[in-house]
**Student:** 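I'd like to ask you about the structure that follows.
Numbered from 1 within each chain, the chains take letters A, B, ... in sequence-line order. What you see is a predicted model; the values in this text were computed from it and never measured.
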Protein chains: 2
Amino acid sequence: MPAATHPPLLDSFIAHLAESDQRVTATRLQVAKAIARRGGHFTAEEICAALPSVGRATVYRNIKLLAEMGFLCRVLLEDGSLHYQVSHRGHHHHLVCTACGLAQDLLGCDIQDLLRTRAGDSGFAVSGHWLEVYGLCRDCQSKAP
Amino acid sequence: MPAATHPPLLDSFIAHLAESDQRVTATRLQVAKAIARRGGHFTAEEICAALPSVGRATVYRNIKLLAEMGFLCRVLLEDGSLHYQVSHRGHHHHLVCTACGLAQDLLGCDIQDLLRTRAGDSGFAVSGHWLEVYGLCRDCQSKAP
DNA sequence: AGGCATAATGATACGAGGTCTCGATAGTAG
DNA sequence: CTACTATCGAGACCTCGTATCATTATGCCT
């Protein structure tokens, strides 16, 4: 069900680089391809391991760049470790399966309104929030009763 | 407004230790006191600095212990750094002020129900969630318009 | 095409935050 | 009081991420 590749990622990345006076380098494309090749979420270190010819600092720099451009979003796992995954642009949250690790997007969250009401009671002005949801995906539920 | 001390923390801690075959050591009490003395949230390093006579590893060990016992809860700041604070036992979230750093509790969250409904649509069984809310507290709003 | 200014790279040092090891110390049951 | 063993403290170590800086290569200009 998850798309195997993200060919649009490469194209959008190149277009976005050109628009913002950043160079389209071979290394950048390598990093982007390594990410696109991989389904689901990943850590920066995993990309480093997958691209031993690319410097660690460079991998981190480019992941940061991709995240700032909105092509990647950050996923906080239950153990506190930070992962990334190709992003559906726009605000969303993640349903993280604690068994298989799959992180599917939870779109159309109407939490902000709820929060504004609740927090408003104590005079707090909400400007943002971070939400991760943990549980079992459909497949893992049927596997492990 | 925030309680200046948490005397019950010490007593509960001692009781809980005795109940679970853990020793009541002078060092443990020092760490608990240093935490109780401090209002608001703090990092492990801050406690280390406040207790130079106690080993760093020991401070970390005991904070972890207190957190596992439910006496402390973890607060994730917007910059990704992890803080702790004395916990209102039970499920709650935090309203973290991005100006002054104050983290007040957001009790009575009915997010779990909302999430179950939303996530249920995709066959996902929610078991837990992590939510932090960022914004400005009442005081900081009046100071900085 | 050829040259140039400079953005990007990679090796490496550094730093924060946290865990592991292991000999020494000190609670606690008896 | 004594023995058993959980806990401690010092420091090595680990992970993740950033800063430095000499070197490379991109993109523009002609």
**Student:** Counting only side-chain nitrogens and oxygens, does B:Lys64 get under 4.0 Å of the OP1 or OP2 atom of C:dG18?
**Tutor:** no
**Student:** So if I take every side-chain heavy atom of A:Ala57 and compare against C:dA8, C:dT12, C:dT19, which nucleotide ends up nearest?
**Tutor:** C:dT12
**Student:** For the pair made of CZ in B:Phe42 and P in C:dG18, what is the distance, rounded to whole Å?
**Tutor:** 12 Å
**Student:** Once you apply a heavy-atom cut-off of 4.0 Å, does A:Thr58 come out as touching a base, just sugar-phosphate, or nothing?
**Tutor:** base
**Student:** Report the distance from atom CG of A:Leu65 to atom CG of A:Leu17, rounding to the nearest 0.5 Å.
**Tutor:** 6.0 Å
**Student:** In whole angstrom, give the distance that lies between atom CG of B:Asp21 and atom P of C:dG27.
**Tutor:** 17 Å
**Student:** Verify the distance criterion only: is there a donor paired with an acceptor across the side chains of A:Gln112 and A:His129 at less than 3.5 Å?
**Tutor:** yes
**Student:** Taking atom P of D:dT18 as reference, at what distance in whole Å does atom CG of A:Leu82 sit?
**Tutor:** 10 Å
**Student:** When the distance from CG of B:Leu65 to C1' of D:dT7 is rounded to whole Å, what number comes out?
**Tutor:** 11 Å
**Student:** C:dA7 phosphate, OP1 or OP2: any side-chain N/O from A:Gln22 under 4.0 angstrom?
**Tutor:** no
**Student:** Could you pick out which residue, B:Arg56 or B:Val24, lies toward the 5' side of DNA chain C when each is mapped onto its nearest nucleotide?
**Tutor:** B:Arg56
**Student:** Which of the following nucleotides, D:dC8, C:dT19, C:dA13, is nearest to the side chain of B:Arg61?
**Tutor:** D:dC8
**Student:** The side chain of B:Arg23 lies closest to which of these nucleotides: D:dC16, C:dT28, C:dA7?
**Tutor:** C:dT28
**Student:** Rounding to an integer number of Å, can you tell me how far A:Glu45 CD sits from D:dG17 C1'?
**Tutor:** 8 Å
**Student:** Among the candidates D:dT18, C:dA8, D:dC8, find the nucleotide nearest to the side-chain atoms of B:Thr27.
**Tutor:** D:dC8
**Student:** Mind checking whether A:His94 and A:Val133 have side chains closer than 4.5 Å, heavy atoms only?
**Tutor:** no
**Student:** To the nearest angstrom, how far is B:Asn62 atom CG from C:dG18 atom P?
**Tutor:** 15 Å
**Student:** Just the rounded figure in Å: distance from P of D:dT15 to CD1 of A:Ile47.
**Tutor:** 18 Å
**Student:** Tell me yes or no: between the side chains of B:Gln85 and B:Asp105, is some donor less than 3.5 Å from an acceptor?
**Tutor:** yes
**Student:** Between P on D:dT26 and CG on A:Leu29, what's the gap in Å once rounded to a whole number?
**Tutor:** 10 Å
**Student:** Just call it for A:Thr25: base, sugar-phosphate, or nothing, with non-hydrogen atoms closer than 4.0 Å on any strand.
**Tutor:** sugar-phosphate
**Student:** Classify the nucleic acid contact of A:Arg28 as base, sugar-phosphate or nothing, counting any heavy atom under 4.0 Å across all strands shown.
**Tutor:** sugar-phosphate
**Student:** Show the numbers, then the answer: is there a side-chain hydrogen bond (donor to acceptor under 3.5 Å, both in side chains) between B:Tyr60 and B:Glu45?
**Tutor:** CA-CA 9 Å; B:Tyr60 276 91; B:Glu45 292 298 331; 2.5 Å; yes
**Student:** So, OP1 or OP2 of D:dG17: does either fall under 4.0 Å of a side-chain N or O from A:Tyr60?
**Tutor:** yes
